[in-house]
Number of protein chains: 2
Amino acid sequence: MGVMKDRPFTPMLERLRDTGLRPTRQRLALARLLFEGGNRHVTAEQLHAEARREEIPVSLATIYNTLNQFRKAGLLREVVVDSSRSWFDTNLEDHHHFFHEATGALTDFEAEGLAVEGVPRAPTGTEIDRVEVIVRLRDAG
Amino acid sequence: MGVMKDRPFTPMLERLRDTGLRPTRQRLALARLLFEGGNRHVTAEQLHAEARREEIPVSLATIYNTLNQFRKAGLLREVVVDSSRSWFDTNLEDHHHFFHEATGALTDFEAEGLAVEGVPRAPTGTEIDRVEVIVRLRDAG
DNA sequence: CAACAGTTTAGATTTGTTCTAATCTGATTG
DNA sequence: CAATCAGATTAGAACAAATCTAAACTGTTG
């Protein structure tokens, strides 16, 4: 509801064109890594390493450009949980995150079933953009 | 409940000694900036600038050391809202944050009155450390 | 297929943070 | 109260993530 879900087989090429981004070799290849095969979280360095493994010729600068363009185009969301690097999340549905401090592992959980009540009103001149819930985990003891 | 609150006039010196940190000139001066005069949020650079203004001779390295030691000692909490820098919060009570994306302004709101319900159980082997709520704000339209 | 705006790139740059190793200082002890 | 020494501070180097630069390249359009 709300979010217009892409049909699973919309070719990447079309999806990119729709955002106004030219479907170049690099963007197409990165889009495939990111969007084919389920939701995922990546950092720029991770995606770069993965691209190298798949022998996709793409520079780190382009990885950063592309992640930011995809984010601006609404194809990705940034998740801020870790002050040392930026995470990007392909899951656009309403959801929240588990963050395991010890390992840096980031996992989604659906917002369905979660209720945040009693959020105070936004300060004058502002309005609420999004309520983000981060559940920080430690090893069970 | 839970959090042992310091009496407001516990001298800084004692508070530091209690944490096992030697009350040096620098730590004492920084503790005064941080803890006297109400709760606040600072970045390392901000605190350094402030110290310079007050003519407290302290290096940026010491600011970082001190903020991290205070955090480990439980005198400060780190707030992760912004992937470009670390914020430290002197408010140790149970509370959450407004974050105004446009200006970078960070504000507290009390957890009292807020209810987060339906948080799924923690993945096996882990347990919930803390549930953090970040209310991201945009300019009212 | 010419032309050009948009894209990619290597490498330099910037920024926040941590590290290093030399110097200094608060606490302890005789 | 002087000597000692673990712990603290420091300037500057080093590091890592991210952005910028300007030159080369490539989709698209006419």
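Quick caveat: nothing in here was measured; it's all calculated off a predicted structure.
Regarding H48(A), its NE2 atom lies at a distance of 13 Å from the P atom of dA17(D), rounded to whole Å. Between the CG atom of L28(B) and the C1' atom of dA8(D) there is a distance of 14 Å, rounded to whole Å. Atom pair E78(A):CD and dT19(D):C1' shows a separation of 14 Å (rounding to whole Å applied). When the P atom of dT17(C) is taken as reference, atom CG of N65(B) falls 13 Å away, rounded to whole Å. Between the NZ atom of K72(B) and the C1' atom of dG7(D) there is a distance of 15 Å, rounded to whole Å. Rounded to a whole Å, the CG atom of L67(B) is 12 Å from the P atom of dT9(D). If you measure from atom CZ of R71(A) to atom C1' of dT19(D), you get 13 Å, rounded to the nearest angstrom. Whole-Å rounding puts the L21(A) CG to dG6(C) P distance at 12 Å.
Of the listed nucleotides (dG12(D), dT9(C), dA27(C)), dT9(C) has the atom at the smallest distance from the side chain of Q26(A). Among the nucleotides dA8(D), dT18(C), dA18(D), the one closest to any side-chain atom of T24(B) is dA8(D). Of the listed nucleotides (dA18(D), dA27(C), dT8(C)), dA27(C) has the atom at the smallest distance from the side chain of R17(B). When distances are taken from the side chain of E45(A) to each of dT28(D), dA27(C), dA17(D), the shortest belongs to dA17(D). Among the nucleotides dT10(D), dG27(D), dA8(D), the one closest to the side chain of R27(B) is dA8(D).
Phosphate proximity of dG26(C) to R25(B): present, with a side-chain N or O under 4.0 Å from OP1 or OP2. Considering only side-chain N and O atoms, S59(B) lies nowhere under 4.0 angstrom from the phosphate OP1 or OP2 of dT9(D). Of the side-chain N and O atoms in R85(B), one or more sit less than 4.0 angstrom from OP1 or OP2 of dG16(C). Proximity of S86(B) to the phosphate of dT17(C): a side-chain N or O atom is located under 4.0 Å from OP1 or OP2. For the pair R22(A) and dT8(C), the criterion of a side-chain N or O lying under 4.0 Å from OP1 or OP2 is not met. Between N68(A) and dT19(D) there is a side-chain polar atom (N or O) within less than 4.0 angstrom of OP1 or OP2. The phosphate of dT18(C) (OP1 or OP2) has no side-chain N or O of Y64(B) nearer than 4.0 angstrom. Here Q69(A) does not reach the OP1 or OP2 of dG6(C): none of its side-chain N or O atoms lies under 4.0 Å away.
Rounded to the nearest 0.5 angstrom, D108(B) CG and T90(B) OG1 are separated by 8.0 Å. Residue L106(A) holds its CG atom at 11.0 Å from CZ of F98(A), rounded to the nearest 0.5 Å. Put simply, NE2 on H41(A) and CD on Q46(A) are 11.0 Å apart, with the number rounded to the nearest 0.5 Å. Rounding to the nearest 0.5 Å places OG1 of T62(A) at 6.0 Å from CD of Q26(A).
For I63(A) and S84(B), each mapped to the nucleotide of DNA chain C holding its nearest heavy atom, the one lying further toward the 5' end belongs to I63(A).
With R25(A) contributing its side chain and P57(A) its backbone, the two residues share no donor-acceptor pair below 3.5 Å.
Heavy-atom neighbours of E112(A) CD from other residues, nucleotides or ligands within 6.0 Å: at or below the threshold of 12.
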